[in-house]
Amino acid sequence: MLVATWNINGVKARLETLLAWLDERRPDVACLQEIKSVDEAFPGAEIEKLGYHIETHGQKGFNGVALLSRSAPLAGSVLRGLPGDPADEQSRFIEALFAVPGSETPIRVACLYLPNGNPLGTEKFPYKLGWMDRLEKHAALRLAEETPCIFAGDYNVIPEPEDARNPADWLGDALFQPESRAAYRRLINLGYTDALRATTEQAGVYTFWDYQAGAWPRNNGIRIDHLLLSPEAASNLRSVAIDKHVRGWEKPSDHVPVIAEIA
DNA sequence: ATGCCGTCCATTGGACGA
C-alpha cells in the first residue's frame with residue numbers, strides 16, 4: 001500500500017502536474033496540502049477519471065488539504081479540522097480510515113499542513129506552536145488506539161541540521177527554531193517513526209526547494225514533508241521514496257511528493 | 001536585502017508562503 005504526501009501549492013494551477021504524477025505513481029492514498037481552493041472549486045472530474053475518490057477540506061485563497069484515494073474512506077471516518085480549537089478557521093487537517101488490500105485491519109491516514117510560523121515575533125509563531133500542541137494531543141489519542149496510523153504532510157519543520165543544505169541560513173526561521181524542532185521531537189517521542197529516517201541516515205535528502213535564488217539548480221533544499229507512522233504502521237514499513245524528479249517538471253510545486261510503502 | 005519566485009484574489013497590487 002502506497003501512502004503519499006505532497007504540498008502541491010495550488011491544485012488548480014497544478015492540475016496537469018498532479019494528473020501526470022498520479023498516473024505515474026498510482027498511490028493508494030495521496031495527502032495533498034495547500035490546495036488553495038474551496039471545496040466546490042476543487043477540479044475533481046479528471047482526478048476521478050483516474051480512479052480516485054476525493055475528500056477535501058478547502059479554504060478560499062490559501063491553505064486547504066485533501067485526501068485522494070483509490071478506494072473511498074470507510075463510512076463515517078472522515079474528520080475535518082484538527083481537534084482542540086473550535087475558533088481555528090484555517091483548513092489544515094483532514095483524516096480518514098481506509099481499507100488495506102489483503103488485510104482485515106484498516107489504516108488511518110491524517111493529512112496535515114502545519115503552520116509556517118514566520119515571521120518570528122508575530123502572532124504566527126505562537127499559532128504554529130499551539131497547533132503543534134494540538135497535533136501532539138491528537139496524535140497521542142490515535143497512538144492509544146494501537147492501530148495502524150500515518151500522520152503525513154507538510155510539517156514546516158526542519159528536524160535536524162542534516163535536513164537542510166545550509167542549516168545556518170535557517171537559524172532565524174520558524175522552520176528551524178528550537179521550539180519547533182522540540183515539538184516535532186515530542187511527536188516522535190510519543191512513539192511515532194519518521195518514515196524517511198527509518199530507511200536512511202543520509203544527509204542531503206530534501207523535499208522542498210524555494211522558487212527563489214536558484215534553490216533548485218543549486219540543490220539548496222530542506223526536508224520538511226514527513227510521514228510519521230504509529231508502531232503498528234512502522235512495523236510494516238517497506239520503503240520510502242521521494243519523487244524528486246517532479247521538481248524538474250514544467251510549472252512545478254516547490255515541494256515534491258514523499259511516498260511510503262506499507263506492507 | 002523589508003530583495004529574489006509563485007499562486008490566489010482582486011483589479012495592477014497585496015496577502016501569503018518558506
Side-chain angles (χ1 to χ4, degrees), chain A residues 5-19 21 31-44 56-66 88-93 111-132 135 152-181 183-184 204-226 242 244 246-258:
Chain A
T5 180
W6 189 14
N7 180 323
I8 53 171
N9 188 19
V11 68
K12 287 170 284 195
R14 210 74 58 213
L15 182 58
E16 293 308 315
T17 312
L18 173 61
L19 292 169
W21 174 75
C31 303
L32 303 181
Q33 301 88 36
E34 279 204 274
I35 62 174
K36 296 186 176 181
S37 171
V38 292
D39 295 341
E40 311 80 65
F42 191 94
T56 58
H57 184 41
Q59 183 178 341
K60 186 176 181 178
F62 53 106
N63 299 330
V65 287
D88 186 359
E89 303 272 316
Q90 301 191 26
S91 297
R92 297 178 173 275
F93 185 90
C111 169
L112 63 101
Y113 176 43
L114 209 147
N116 172 306
N118 281 308
L120 297 178
T122 70
E123 73 291 347
K124 289 174 185 287
F125 190 56
Y127 174 66
K128 176 185 192 140
L129 297 180
W131 206 93
M132 294 187 84
L135 180 62
D154 176 358
Y155 280 73
N156 269 317
V157 174
I158 302 167
E160 299 293 338
E162 56 266 33
D163 295 313
R165 173 66 177 264
N166 300 123
D169 290 352
W170 298 93
L171 288 174
D173 194 286
L175 278 62
F176 198 50
Q177 286 310 291
E179 296 95 328
S180 310
R181 296 174 59 195
Y184 185 80
V205 177
Y206 309 130
T207 65
F208 169 92
W209 296 261
D210 201 291
Y211 289 121
Q212 304 180 70
W216 169 244
R218 293 163 186 265
N219 193 29
N220 182 13
I222 52 177
R223 189 175 75 93
I224 55 175
D225 299 273
H226 311 299
I242 297 179
K244 186 175 177 179
V246 173
R247 187 64 177 79
W249 287 359
E250 289 292 312
K251 279 197 71 178
S253 168
D254 39 8
H255 298 249
V256 296
V258 186

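Computed from a prediction, not measured in an experiment: that's the story for all the values here. A note on names: the letters A, B, ... follow the listed sequences, proteins ahead of strands, and every chain is numbered from 1.
The residue A:Arg92 sits close only to the backbone: its heavy atoms come under 4.0 Å of sugar-phosphate atoms, none of a base. In this structure, A:Asn156 reaches the sugar-phosphate backbone alone: every heavy-atom distance under 4.0 Å involves primed, P, OP1 or OP2 atoms, never a base. Counting any heavy atom pair closer than 4.0 Å across all strands shown, A:Asp225 reaches no nucleic acid atom. Note on A:Lys124: only backbone sugar-phosphate atoms sit closer than 4.0 angstrom, heavy atoms only; bases stay farther off. Nucleic acid contact for A:Phe176: none, since no nucleic acid atom lies under 4.0 Å from a heavy atom of the residue. Contacts of A:Asp169 with the nucleic acid, taken as non-hydrogen atoms under 4.0 Å apart, are absent.
Applying the side-chain contact (heavy atoms from CB on, under 4.5 Å) test to A:Trp170 and every residue at least two apart in sequence or in another chain returns A:Ile158, A:Ala164, A:Asp173, A:Leu175, A:Phe176, A:Ile222. Every residue two or more places apart in sequence or in another chain that forms a side-chain contact (heavy atoms from CB on, under 4.5 Å) with A:Asp88 is listed here: A:Asp85, A:Gln90, A:Tyr127, A:Trp131, A:Arg134. Remark: A:Ala213 engages no residue in a side-chain contact (heavy atoms from CB on, under 4.5 Å) (not counting sequence neighbours). With sequence neighbours excluded, the residues satisfying side-chain contact (heavy atoms from CB on, under 4.5 Å) with A:Leu129 are A:Phe125, A:Glu179, A:Ser180. Residues satisfying the salt bridge (Lys or Arg N to Asp or Glu O under 4.0 Å) test with A:Glu160, not counting sequence neighbours, are A:Arg181.
A straight line from CD of A:Gln33 to C1' of B:dA18 spans 14 Å, rounded to a whole angstrom. In this structure, A:Leu120 atom CG and B:dG17 atom P are separated by 13 Å, rounded to whole Å. Taking atom CZ of residue A:Phe125 and atom C1' of nucleotide B:dG17, one finds them 16 Å apart after rounding to whole Å. The distance from atom CD1 of A:Ile158 to atom P of B:dA18 is 11 Å, rounded to the nearest whole Å. Regarding A:Tyr155, its OH atom lies at a distance of 15 Å from the P atom of B:dA18, rounded to whole Å. Rounded to whole angstrom, the span from the CH2 atom of A:Trp216 across to the P atom of B:dA18 amounts to 18 Å. Atom C1' of nucleotide B:dG17 and atom CH2 of A:Trp131 are separated by 16 Å, given to the nearest angstrom.
Judged by distance alone, with hydrogens and angles left aside, A:Asn116 brings a side-chain donor or acceptor within reach of the base of B:dA18, the pair sitting under 3.5 Å.
Comparing B:dA1 with B:dG14, their P atoms sit 24 Å apart, to the nearest whole Å. Distance noted for atom P between B:dT2 and B:dT7: 25 Å (whole Å). Between B:dA10 and B:dA15, the distance separating the two P atoms is 14 Å to the nearest Å. Across the C1' atoms, B:dC9 and B:dC4 are found 22 Å apart, a figure rounded to whole Å.
Once rounded to the nearest 0.5 Å, the distance linking OG1 of A:Thr122 with NZ of A:Lys128 reads 11.5 Å.
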Between the protein and nucleotides 5-12 of chain B, which nitrogen or oxygen pairs are less than 3.5 angstrom apart?
from   : atom 1 : to      : atom 2 : distance (Å)
B:dT7  : OP1    : A:Arg14 : NH1    : 3.3
B:dC8  : OP1    : A:Ala13 : N      : 3.4
B:dC9  : OP1    : A:Gly61 : N      : 3.3
B:dA10 : OP1    : A:Lys60 : NZ     : 3.2

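Among the candidates A:Asp254, A:Asn220, A:Asn219, the single residue satisfying the side-chain hydrogen bond (donor to acceptor under 3.5 Å, both in side chains) test with A:Trp209 is A:Asn219. Residue A:Asn7 is tested with A:Asp225, A:Asn156, A:Val258 for a side-chain contact (heavy atoms from CB on, under 4.5 Å); the sole match is A:Asp225.
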